[in-house]
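Take a look at the structure below.
In what follows, every heavy atom counts, from backbone to side chain, and hydrogens, waters and symmetry copies are set aside. Counting convention: from 1, in listed order, for ligands and their atoms alike.
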Amino acid sequence: MKFFIDTANLAQIKEANDLGILDGVTTNPSLMAKEGIKGNDAVIQHYKTICEMVDGDISAEVVSTKFEDIIEEGKKLAAIHKNIVVKVPMIKDGIKAIKWFTDNGIATNCTLCFSAGQAILAAKAGAKYISPFIGRIDDSGWDGMQLIGQIVNIYDIQGYETQVLAASIRNANHIIQAAELGAHVITSPLEPILGLLKHPLTDIGLAKFLEDAKKFQ
Ligand code: E4P
């Protein structure tokens, strides 16, 4: 399972990348706004910087919602770097655009997926990734992880090549469960990734080892 970090914060991207386990980055308009990135030039420069930091797929989201505009915006994003994956929302024009990008050799990540039906359409259109939003489904009283399992199963049965990218991760357990269900990728903020490191018995065990080590040093 690939690990993407879900942020536009360069310090956090660096911290995850320095761990040596990072395979890519996802961003969205809210994450870019959070970092104060404003204006077309600043957006492009920010994506360039991320692409230079991390050797892997970097999702850059379009903000257009009409087919022609999505194509124009997506082409400009894809031209920034060979590793850019154009992130397209799950809407009718988005699906048409994903098919166009697929036919023209541009990789896509279909975002804002909340159902198996949407995931089937994205796969048919040739998306490289489908992003079901686990946390937001959980927030609504449904079961986000159940959707991951359902999509993984459908893609397996149908032989679709689209990769299931578990998104809207809120905690370390989401990452573990996504791995158990066969998600191909998770995208997570830094904290849940670092949460995977933690276990109280590790801390207790290490403290004891270090204490005993003093006896023979
Ligand atoms: C990633 O591609 C998504 O944009 C992101 O995971 C959404 O997460 P959120 O629900 O925490 O905003």
Side-chain angles (χ1 to χ4, degrees), residues 1-10 12-13 16-17 21-37 43 46-47 50-51 54 56-65 70 73-74 77-78 80 83-91 94-95 97-98 101 106-115 118-119 121-123 125 127-148 151-152 162-179 181 183-196:
M1 187 172 79
K2 288 188 278 190
F3 270 50
F4 292 174
I5 188 165
D6 192 27
T7 184
N9 181 284
L10 298 180
Q12 291 184 11
I13 292 171
N17 201 35
I21 51 87
L22 198 62
D23 301 297
V25 180
T26 55
T27 59
N28 62 39
S30 307
L31 294 171
M32 294 292 275
K34 201 169 155 193
E35 298 309 312
I37 317 294
V43 168
H46 202 73
Y47 283 134
I50 295 174
C51 290
V54 179
D57 282 353
I58 312 297
S59 286
E61 186 160 345
V62 299
V63 291
S64 307
T65 53
I70 296 173
E73 194 183 347
L77 290 172
I80 294 172
N83 288 351
I84 289 283
V85 173
V86 179
K87 204 171 170 193
V88 181
M90 166 48 75
I91 52 175
I95 289 297
I98 288 169
F101 287 131
I106 293 174
T108 54
N109 172 358
C110 182
T111 189
L112 289 166
C113 170
F114 294 92
S115 77
Q118 292 175 331
L121 281 179
K128 180 168 184 182
Y129 300 107
I130 180 73
S131 290
F133 277 30
I134 298 171
R136 293 194 197 184
I137 295 174
D138 287 359
D139 291 346
S140 313
W142 298 66
D143 184 355
M145 214 47 78
Q146 192 264 342
L147 178 61
I148 297 295
I151 298 171
V152 167
T162 301
Q163 297 176 46
V164 179
L165 195 175
S168 189
I169 295 269
R170 298 283 160 78
N171 54 59
N173 206 32
H174 273 161
I175 300 176
I176 296 164
Q177 287 178 287
L181 290 168
H184 306 93
V185 194
I186 56 94
T187 189
S188 167
L190 183 60
E191 273 312 306
I193 294 173
L194 296 180
L196 294 171

Starting from [atom], locate the nearest protein heavy atom and write down its residue, its atom name and how far away it is, to 0.1 Å.
atom: atom 12 (O) of ligand 1; answer: R136 NH2, 2.8 Å
atom: atom 8 (O) of ligand 1; answer: S168 CA, 3.4 Å
atom: atom 6 (O) of ligand 1; answer: D6 OD2, 2.6 Å
atom: atom 4 (O) of ligand 1; answer: N28 ND2, 2.7 Å
atom: atom 3 (C) of ligand 1; answer: F133 CZ, 3.4 Å
atom: atom 11 (O) of ligand 1; answer: R170 NH2, 3.4 Å

Is there a donor in the side chain of [X] and an acceptor in the side chain of [Y], or the other way round, less than 3.5 Å apart?
X: T26; Y: S59; answer: no
X: N109; Y: S131; answer: yes
X: N28; Y: E61; answer: no
X: Y129; Y: T111; answer: no

Revision key, fill the gap. Residues at least two apart in sequence or cross-chain that pass side-chain contact (heavy atoms from CB on, under 4.5 Å) with D23, listed by chain then number, are K2, F3, F4
Exercise for review: Return the set of residues passing side-chain contact (heavy atoms from CB on, under 4.5 Å) with L190 (not counting sequence neighbours), or none when no residue passes.
Suggested key: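 By the side-chain contact (heavy atoms from CB on, under 4.5 Å) rule, L190 matches I5, Q12, E15, A16, L194.
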Exercise for review: Would you check the N or O atoms of T27, main chain and side chain alike, for any that come under 3.5 Å of an N or O of ligand 1?
Suggested key: no
Check your understanding: Is K87 touching ligand 1 with its side chain, its backbone, both, or neither, if touching means heavy atoms under 4.0 Å apart?
Key ->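 Side chain only.
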